[in-house]
Amino acid sequence: MKATAKAHTNIALIKYWGKRDESFILPTNNSLSLTLDGFSTTTSVEFREDLSEDIFTLDDKRITGVEYDRVRSFLDLIRNLSDKTLYADVHSINDVPTAAGFASSASGFAALAGAATRAMGLQLSDYELSRITRQGSGSACRSIYGGFAEWQQGVKTDGSDSYAVPIAPVEHWDIRVAAVVLSADMKKVSSREGMRRTVDTSAFFQSWVDSIPNDLEQIKQGIQERDFEKVGQIAEANCLRMHATTLGANPPFTYWADTTMTVMQAVQSLREGGISAYFTIDAGPNVKVLYLPENEEKIKTALMHVPGVTDVILSRAGQGISYK
Ligand code: ADP
Ligand code: DP6
Ligand code: CO
């Protein structure tokens, strides 16, 4: 009863920002992402008769507290599905900074879901796996697939129609992402808490939700046509609109640091100089820059020279979940 799975993080081009149901993790809008091969989690799960509780080890450290509780509750879901009561020994390695806005919860829960369901001997379709993964961390349901994926929010109250579907595989388009590292510190406001505060209090939340259908339609067209300008413009505007909702919350907050703005301006300067690039930012200060392969060298050099930038990690589109 042991299995190992590897999953990559994904970067949302149309953001998931808001839950309509916290316990099932049901979103207020569809979202769309690109899976990244540069960041991943590898997780092994073994269900054992001799354990009296779950054990969670992350990067060789025994985890307790809320991070442990999140994993335990997720394993409870899988125990319920299988009608078995065994506890698990979970070992996970993050090849991504944890809780710093690099989507460790996405690769983390996708890898955990894959390994735990396999270890339990469950045979799930990709949709079924995505649906259960969603309940660990919303963004994780998109990491089951390689390339572009869309999380369909669904309409049902039990979440049975809320899961991600593939939009275009890795081979469809060699679009790349530079992850600009400013800070690998843990963030102060988790995605979960930030979203909750936004839904409950932000004056701008409803207009955010209303803006999604048009963004989605446009970006899907852009992806099909491999229209980089179109995809980049929509992704950047969608990111800015998401971050605007946090400024309208009570108390207001932002994930940006001063260098976040500097990097955004550097991307705009690149464009003014004729090099096509667009940024997007998740719930953290670090910026991801979309670009095409022919501009890789120029993009990397320009970003590395921005004061306050500590690293630039280049990534291609990544594959979906895999098993060892
Ligand atoms: P991020 O931007 O890294 O996704 P979040 O606040 O969304 O930040 O989620 C971070 C949380 O995800 C961690 O505090 C932890 O609870 C969980 N997490 C991260 N990596 C793993 C992993 N490999 N296995 C299980 N849970 C993980
Ligand atoms: C800004 O999936 O980390 O990265 O569902 O509470 O675990 P939980 O939140 P999470 O939120 C991700 C928010 C985002 C946008 C996105 O990835 O779509
Ligand atoms: Co996350």
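What you see is a predicted model, and the numbers here were worked out from it, not measured in a lab. Heavy atoms only: backbone and side chains are in, while hydrogens, waters and symmetry mates are out. In listed order, ligands and their atoms are each counted from 1.
Atoms of ligand 1 lying under 4.0 Å from at least one heavy atom of F102, given by number and element, are 2 (O). Atom numbering of ligand 1 starts at 1 in the shown order; those under 4.0 Å from a heavy atom of T41 are 23 (N). Close approach of ligand 1 to S191 is summarised as follows: ligand atoms under 4.0 Å from at least one heavy atom of the residue are 5 (P), 6 (O), 7 (O). Of all the atoms in ligand 1, the ones that sit under 4.0 Å from a non-hydrogen atom of E67 are 13 (C), 14 (O), 15 (C), 16 (O).
For the pair A178 and L303, the tightest heavy-atom approach, listed with the atom from each and the gap, is CB-CD1, 4.0 Å. Taking every heavy atom of both residues into account, S40 and K6 meet most closely at OG-CE, 3.6 Å.
No donor-acceptor pair closer than 3.5 Å links the side chain of R316 to the backbone N or O of D37. Distance alone, capped at 3.5 Å, is enough to place a donor-acceptor pair between the K15 side chain and the A12 backbone. Panel note: side chain N286, backbone V181; no donor-acceptor pair is recorded below 3.5 Å. Although no hydrogens or angles enter the test, the distance criterion places a donor-acceptor pair under 3.5 Å between the side chain of S190 and the main chain of E193. A donor-acceptor pair under 3.5 Å is absent between the side-chain atoms of D89 and the main chain of E46, judged by distance alone.
Two rings, from F228 and Y291, have their centers 6.0 Å or more apart.
Under a cutoff of 6.0 Å and an axis angle of 45°, R72 and F56 do not form a cation-pi pair. Under a cutoff of 6.0 Å and an axis angle of 45°, K156 and F24 do not form a cation-pi pair. The cationic atom of R134 (NZ for Lys, CZ for Arg) does not lie both less than 6.0 Å from the six-membered ring centre of Y163 and within 45° of the ring axis.
Residue contact annotation: A283 has no non-hydrogen atom under 4.0 Å from ligand 1. At least one heavy atom of V71 sits closer than 4.0 Å to an atom of ligand 1. The shortest separation from a heavy atom of N94 to ligand 1 is under 4.0 Å, placing the residue in contact.
The N/O atoms of F109, backbone and side chain alike, include none that comes under 3.5 Å of an N/O atom in ligand 1. At under 3.5 Å, a nitrogen or oxygen of S92, whether backbone or side chain, sits near a nitrogen or oxygen of ligand 1. Checking only distances, T43 never comes within under 3.5 Å of ligand 1, N or O to N or O.
Closest to atom 3 (O) of ligand 1 by heavy atom, among G136, S104, G65, G194, is S104.
Of the heavy atoms in L58, only side-chain atoms (C-beta onward) come closer than 4.0 Å to ligand 1. Residue-level proximity to ligand 1 for F56 is carried by the side chain, the only part with a heavy atom below 4.0 angstrom.
Interatomic distance, CD of Q152 versus OG of S162, reported as 9.0 Å (0.5 Å rounding). Here the CD atom belonging to E150 is positioned 5.0 Å from the CG atom belonging to L216, to the nearest 0.5 angstrom.
Looking at heavy atoms from C-beta onward, F39 lies out of side-chain contact with N94 at the 4.5 angstrom threshold. For the pair L34/V177, a side-chain contact is recorded, criterion being any heavy-atom separation below 4.5 Å from C-beta on.
Within 4.0 Å of ligand 2, heavy atoms belong to protein residues A12, K15, Y16, W17, K19, I25, R70, S105, S137, G138, S139, R142, S191, R192, M195, M242, D282, A283.
Excluding waters, the protein N/O/S atoms found under 2.8 Å from the Co ion (ligand 3) are S105 OG.
Atom CZ of F253 has more than 12 neighbouring heavy atoms from other residues, nucleotides or ligands inside a 6.0 Å radius.
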